Amino acid sequence: MRVLVTGTEGYIGARLAPWLTRHDHEVAGLDTGYYRDGTLYLDPIGLPSSPRTVYKDLRTVTPADFEGFEAVVHLAELSNDPLGQNQPEVTFRINHEGSVRIAHAARRAGVKRLVYASSCSVYGAGAADFVDETSPANPQTAYAQCKTLVERDLKGMADRDFTVVFLRNATAYGPSPRMRFDIVLNDLCALAWTRKKIAMTSDGSPWRPIVHIEDICEAMRCALEAPAAAVNGEIFNVGATRENYRIREIAQIIAEVFPGCEVSMGPPSGDNRSYRVSFEKVATRLPNFKARWTARMGAEELRRLFARIEMSTETYEFRAFTRLKQLKYLQRTGQIDDDLLWRGAR
Ligand SMILES: NC(=O)c1ccc[n+]([C@@H]2O[C@H](COP(=O)([O-])OP(=O)(O)OC[C@H]3O[C@@H](n4cnc5c(N)ncnc54)[C@H](O)[C@@H]3O)[C@@H](O)[C@H]2O)c1
């Protein structure tokens with residue numbers, strides 16, 4: 001299949017493009033390149049062939065950008081709550097309006113399938129013990145609200161000629177050349193490695209579902225390859241039900257995996273984003289999908305990677321590995337403007 005992946009220069013995209021290539025898809029990329037100057041490691045053997053990439057803001061795409069593609073996997077957005085809260089209006093323009101623009105342009109160009117990277121954060125403060133795809137969305141932030149709005153608008157576009165699949169990913173972890181240390185397991189592993197200490201600022205009681213980056217890539221591949229009738233207009237939470245943890249449990253697993261690491265807890269926090277998610281549907285109804293990773297396996301993998309690349313505190317703190325830090329740097333240095341559009345060198 002000829003697939004255009006948006007966000008190929010980001011954390012998930014940098015793993016997804018080679019994953020799809022290895023599974024015999026022909027992949028091209030589209031990205032504005034905010035985090036291009038952060039590369040945690042080079043792995044030309046494990047991650048062959050970076051895709052041909054068009055550097056473009058998704059707010060300016062036209063149908064011509066999608067000519068000749070059979071499918072689109074759409075990842076490119078401002079990718080977490082702090083980024084979204086930083087400039088909520090810009091977040092709505094990129095994450096909501098920009099994503100809807102992508103879908104319309106793709107459909108007009110004759111693309112047959114779009115896989116959208118949504119998020120379990122749409123559940124927000126879950127009232128129920130376990131939430132599933134039928135639970136009401138309760139978004140708490142601009143980022144999560146945009147995910148809900150994109151799902152609503154794209155669902156209305158699904159028809160016989162245009163298959164749309166929504167993957168509500170749990171919080172990801174695991175290695176990527178375009179690493180993120182602003183997501184929980186990656187962050188805590190980096191703290192365990194560089195400081196040998198995880199000092200939690202809260203009591204770590206909130207629940208978080210987490211999922212390995214490879215399991216996300218595999219779900220995206222399955223969503224691309226499944227018969228349209230099995231997935232069109234469907235929402236799938238992506239993760240595994242056993243992989244719901246309290247944050248303090250994640251910290252404890254990491255302390256066991258990184259020798260000599262201490263963990264201390266803080267007082268209860270006001271953060272009310274706590275939810276446990278059922279992943280029964282993806283396990284039983286997304287053809288060929290199976291989530292393979294556990295938090296412990298992921299922590300062990302990161303420990304091996306950090307040893308191999310001699311991970312330092314400077315690397316952990318490098319701005320490009322924390323999305324908000326990088327965008328603030330690009331703005332402060334005049335490289336992008338208030339709307340997060342590139343200014344070009346002057
Ligand atoms: N990583 C996670 O834990 C997680 C969990 C659930 C959902 N998701 C979703 O998956 C997608 C990818 O996440 P990620 O972790 O790889 O994020 P990321 O921030 O690493 O990558 C996003 C990419 O999109 C690009 N981008 C941002 N705004 C753009 C614009 N206006 N035009 C063109 N490109 C733009 C960035 O340059 C970046 O390369 C996002 O939509 C995110 O919301 C991620």
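Keep in mind that this is a model prediction, so the values were computed, not measured. Scope of the values below: all heavy atoms of this structure, side chains included, with no hydrogens, waters or symmetry mates. Order of appearance sets the numbers: ligands from 1, and atoms from 1 within every ligand.
Residue contact check for ligand 1: Ser121 places no non-hydrogen atom closer than 4.0 Å to it. Not a single heavy atom of Arg178 sits closer than 4.0 Å to an atom of ligand 1.
Nearest-heavy-atom check against atom 37 (O) of ligand 1 across Leu167, Asp31, Thr8, Val61 picks out Asp31. Nearest-heavy-atom check against atom 12 (C) of ligand 1 across Leu341, Leu78, Leu75 picks out Leu75.
When non-hydrogen atoms are compared, ligand 1 lies under 4.0 Å from the side chain of Ile94 (C-beta onward) but not from its backbone. Contact annotation: for Arg180 versus ligand 1, heavy atoms closer than 4.0 Å belong to the side chain alone. Counting heavy atoms closer than 4.0 Å to ligand 1, residue His74 contributes nothing at all. Residue contacts with ligand 1 for Ala170 involve N, CA, C or O but no side-chain atom from C-beta outward (heavy atoms, distance under 4.0 Å).
The line from CZ of Phe130 to CZ of Phe279 is 9.0 Å long, rounded to the nearest 0.5 Å.
Ion pairing between a basic and an acidic side chain is recognised when a charged N comes within 4.0 Å of a carboxylate O; Arg168 and Glu133 show no such pairing.
Here is the list of ligand 1 atoms found below 4.0 Å of a heavy atom in Ile12: 1 (N), 10 (O), 13 (O), 16 (O), 44 (C). For ligand 1 and Arg323, the ligand atoms under 4.0 Å from any heavy atom of the residue are 18 (P), 19 (O), 20 (O).
Closest to atom 43 (O) of ligand 1, if we only count protein heavy atoms, is Tyr143 OH, 2.6 Å. The closest protein non-hydrogen atom to atom 3 (O) of ligand 1 is Ala172 N, 2.8 Å. Scanning all protein heavy atoms for the shortest distance to atom 22 (C) of ligand 1 gives Glu77 O, 3.7 Å. Annotation: atom 28 (N) of ligand 1 to nearest protein heavy atom, Tyr34 CE1, 3.5 Å. Looking at atom 24 (O) of ligand 1, its nearest protein heavy atom turns out to be Ala76 CA, 3.3 Å.
Both tests do not hold together for Arg180 against Phe321: distance to the six-membered ring centre under 6.0 Å, angle to the ring axis within 45°.
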